[in-house]
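Worksheet: the structure to be examined is printed underneath.
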2 protein chains.
Amino acid sequence: MSSADHYLADVLKSLSQPTRLKIIDFLRNGERCVCEIFPAIDEEQSNTSRHLSYMQTHGILSRRKEGVKIFYSVKHPEVFEIIDLAGRIVQRETELRSGVVKESRRG
Amino acid sequence: MSSADHYLADVLKSLSQPTRLKIIDFLRNGERCVCEIFPAIDEEQSNTSRHLSYMQTHGILSRRKEGVKIFYSVKHPEVFEIIDLAGRIVQRETELRSGVVKESRRG
DNA sequence: TCGATATATGATTATATAGTCATATATCGA
DNA sequence: TCGATATATGACTATATAATCATATATCGA
């Protein structure tokens with residue numbers, strides 16, 4: 001695989017961890033500083049900081065400094081689209097597994 | 001976070017690994033048996049089988065048996081949409097990093 | 001039945017990851 | 001200056017992951 005494929009995997013990996021998903025969800029309404037993020041998602045400051053750095057390094061988040069505070073925001077709107085699409089998969093799978101088979105197409 | 005959120009992370013994690021991305025890409029044109037998949041992606045049969053089982057367990061792939069062969073296919077069209085959206089992020093990031101270096105980096 | 005083919009899995013190893021605690025660094029205000 | 005606040009990071013641990021080799025299981029045809 002090319003390095004672009006590894007980058008593709010890295011982008012998706014940035015979105016495939018519960019704590020990071022909590023962060024991204026909290027950033028749906030715009031940028032927030034670390035001091036707002038970690039209490040909102042109920043994680044340690046250090047752990048939150050690591051995940052924020054991870055996502056910023058991988059191009060998922062933007063970082064803006066204002067005084068002593070660092071504000072993070074989701075850099076690409078596709079991030080939310082991806083998560084919403086994954087949510088649709090989860091919903092359909094949950095339905096399939098619970099026996100509620102919804103027929104929107106032949107199958 | 002609820003178990004649904006863990007499931008969301010699991011779905012995305014299923015799509016965030018280079019070997020699995022190779023498999024999914026090979027399945028873009030429809031179902032294939034394991035004996036076709038592992039030579040096409042140039043991975044060992046056992047490793048390929050593990051990743052296929054992983055994705056089937058997590059609701060990403062469907063499995064169909066025909067004689068001695070097992071055919072796998074991508075179960076939800078959203079899988080391809082997700083990967084294509086991630087590809088757009090990669091492309092935009094690559095452009096940002098190569099050409100239009102907007103700001104001075106840390107240093 | 002035997003042997004060839006197709007797939008899955010146990011055991012193992014190396015590496016990656018997430019999380020914690022303690023601490024370092026940076027900024028600001030008094 | 002000092003002290004409070006905000007963020008990042010080093011060291012560490014426990015767990016997860018991907019890959020490999022060997023082998024088990026299943027199906028089919030001769």
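Numbered from 1 within each chain, the chains take letters A, B, ... in sequence-line order.
In this structure D:dC28 sits in a base pair with C:dG3, meeting the Watson-Crick or G-U test at under 3.5 Å. Base pairing analysis places D:dA16 opposite C:dT15; the two distances defining the Watson-Crick or G-U wobble pair are each below 3.5 Å. In this entry C:dT20 has D:dA11 as its Watson-Crick or G-U wobble partner, both defining distances falling under 3.5 Å.
Taking a cutoff of 4.0 Å between a charged side-chain nitrogen and a carboxylate oxygen, B:Arg97 and B:Glu95 do not qualify as a salt bridge. By the 4.0 Å N-to-carboxylate-O rule, B:Asp25 lies close enough to B:Arg28 to be salt-bridged with it. A salt bridge is absent between A:Glu36 and A:Lys69; no separation between the charged side-chain nitrogens and carboxylate oxygens falls under 4.0 Å.
The side chain of A:Lys65 contributes no N or O atom lying less than 4.0 Å from OP1 or OP2 of D:dA6. At the phosphate of D:dA22, neither OP1 nor OP2 sits under 4.0 Å from any side-chain N or O atom of B:Ser46. Side-chain nitrogen and oxygen atoms of B:Arg63 include none within less than 4.0 Å of the OP1 or OP2 phosphate oxygen of C:dA6. Between D:dA8 and A:Tyr72, a contact under 4.0 Å exists linking OP1 or OP2 to a side-chain N or O. Side-chain N/O atoms of B:His51 include one lying less than 4.0 angstrom from OP1 or OP2 on D:dA19. Residue B:Lys13 has no polar side-chain atom (N or O) positioned under 4.0 Å from OP1 or OP2 of D:dA16.
At whole-Å resolution of the value, CE in B:Met55 and C1' in D:dT17 are 15 Å apart. Rounded to an integer number of Å, the gap from A:Ile41 CD1 to C:dG19 P is 9 Å. The nearest whole Å value for the distance from the NE2 atom in B:His58 to the P atom in D:dA18 is 10 Å. Rounded to whole Å, the distance from CD on B:Glu44 to P on D:dT23 is 15 Å. Spacing between atom NE2 of B:His6 and atom C1' of D:dA16 amounts to 14 Å, rounded to whole angstrom units. Atom CG of B:Leu52 is separated from atom P of D:dA19 by 12 Å (rounded to the nearest Å). Rounding to whole angstrom units, CD of residue B:Glu43 and C1' of D:dC21 are separated by 15 Å. For the pair B:Asn47 CG and C:dT12 P, the computed distance is 19 Å after rounding to whole Å.
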Worksheet item: Could you walk me through whether A:His76 and B:Glu93 pass the side chain to side chain donor-acceptor pair (under 3.5 Å) check?
Response: CA-CA 9 Å; A:His76 304 279; B:Glu93 276 297 308; 2.8 Å; yes

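The base of D:dA8 sits within donor-acceptor range of the side chain of A:Gln45, with an N or O pair under 3.5 Å. Side-chain atoms of A:Arg50 and base atoms of C:dT20 include a donor and an acceptor less than 3.5 Å apart.
Distances from the side chain of B:Val68 to the nucleotides C:dA18, D:dA26, C:dA8 place D:dA26 closest. Each of C:dT17, C:dT7, D:dA18 was ranked by its minimum atom distance to the side chain of A:Tyr54; first place goes to C:dT17.
Side-chain atoms of A:Arg32 do not come within 3.5 Å of backbone N or O of A:Ile23 as any donor-acceptor pair. With hydrogens and angles disregarded, no donor-acceptor distance shorter than 3.5 Å links the side chain of B:Ser49 to the backbone of B:Ser46.
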